[in-house]
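All remarks here apply to the structure that follows.
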Amino acid sequence: MTYDKENMLDKLDKFRNQVEEAFKIAKKAKLPKINKNKISNIVVCGMGGSSAGGLLLQSFTKDIPIFVNRNYNLPRYINKNSLVFCVSYSGNTEETLSAYNEAKKRKATVIAITSGGKLAEKEKNLIQIPEGFQPRIALGYTFIPLLISLSRYRLIANQDQPVRDAIRGLVPKTNSKEGFMLAKKLFNMIPVFYASEDMHGVAYICKTLTNENAKQPAFCHFFPEMNHNEINGFKKNAKKIHVVMIKDKQDIMSIKKRMEITKKIIKESSGGVSELHTKGKSLLARMLHTLHIAMYCSYYLALMNKIDPTPVPVIEDLKAKLKK
Ligand code: F6R
């Protein structure tokens, strides 16, 4: 097998440039006119790597209802007062195309974010992003235009400074090192990522990056909900699990306390507990910094697993079978 590890590493090292470019694309993009006061909800349609931006947006902004639609159809409340982003890196994902058609039928305002494919052919309200990436590594291109569009519509606060802060934190050398150290702990284990509900999007993307890059099982859950069910499952067969607690300075005291107690409870019965402390001035900076580390971690885990991090043949094969 030929390994494309150089290419993936290069993309991770240049993630900062990606976010910078995505910021420029988003600032310049021509957005359709909306009546801001009439928008009652925001929907981000997308699957897999292309849904990650929506999940971050949902974790990030609590100013307006945001729904991440990872399905063929849309909830019944989507109508002409909805702002619907259809995100598909390839532009050819069938669930996203189906949700797109439904959003158009319901006369919602639709904006497509894609590198091409059928979505680019169909939609004139288009934020075109560069080709040549695996969708999960194109997070800058799929997330920043969502964020900046909402900020340009003044549906959320201005995000220019938080984006600049975030860019400063995407330092390849230190983040790569931290990712590698974490990968060493996770090697031969089943990673389980926990965070507060506010950071759940981040924990979920850590999980999916591990699944897609390192090609191994990984899971996630969030506080306080996991204290009411999952914690009870650490009595049996938990020695293969290595827990990564994602801790953020904005976690409220009750969550901090729960994390500490949980750590003590599962320390002996699990295969280990590590902490990943988010770093950065703004929440946005802390989220992207943590995910940059997670990208490196999943990349190094793939190399330790002797697996090429880049291709996802199982996903491709499944998509091909569905077309038959
Ligand atoms: C592959 C990946 C997948 C895709 C998903 C949807 O790298 O991350 O999760 O993102 O299958 O495809 P797109 O993003 O092209 O709509």
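Numbering of ligands and ligand atoms starts at 1, following listing order. Everything numeric in this text was worked out from a predicted model, so none of it was measured.
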N/O donor-acceptor pairs under 3.5 Å from side chains in residues 126-139, not counting sequence neighbours:
| residue | atom | partner | partner atom | Å |
| --- | --- | --- | --- | --- |
| Q128 | NE2 | S115 | O | 2.9 |
| Q134 | OE1 | R136 | NH1 | 2.9 |
| Q134 | NE2 | T310 | O | 3.3 |
| R136 | NE | N213 | OD1 | 2.5 |
| R136 | NH2 | N213 | OD1 | 3.1 |
| R136 | NH2 | P309 | O | 2.8 |
| R136 | NH2 | T310 | O | 2.7 |

Flag this pair as yes if the NZ/CZ of K207 is under 6.0 angstrom from the six-membered ring centre of F193 and inside a 45 degree cone about the axis; otherwise no.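 Not satisfied by the 6.0 Å and 45° rule.
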
I'd like to know if K323 and E94 make a salt bridge, using a cut-off of under 4.0 Å between side-chain N and carboxylate O.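 Answer for the salt bridge query: no.
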
Would you mind checking if K215 and D308 are paired as a salt bridge, meaning a charged N to carboxylate O distance below 4.0 Å?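 Between K215 and D308 there is no salt bridge, as every charged N stays at least 4.0 Å from the carboxylate O atoms.
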
Mind checking what residues have non-hydrogen atoms under 4.0 angstrom from ligand 1?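 The answer is M47, G48, G49, S50, S88, Y89, S90, T93, Q134, P135, R136, E212, V312, K319, counting any residue whose heavy atom sits under 4.0 Å from ligand 1.
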
Looking only at the side chains, is there a donor atom on one of E178 and Y296 sitting less than 3.5 Å from an acceptor on the other?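 Side-chain D/A pair, E178 to Y296: absent.
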
May I ask you to decide if I231's main-chain N or O and N227's side chain share a donor-acceptor pair within less than 3.5 Å?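 Such a contact is absent between N227 side chain and I231 backbone.
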
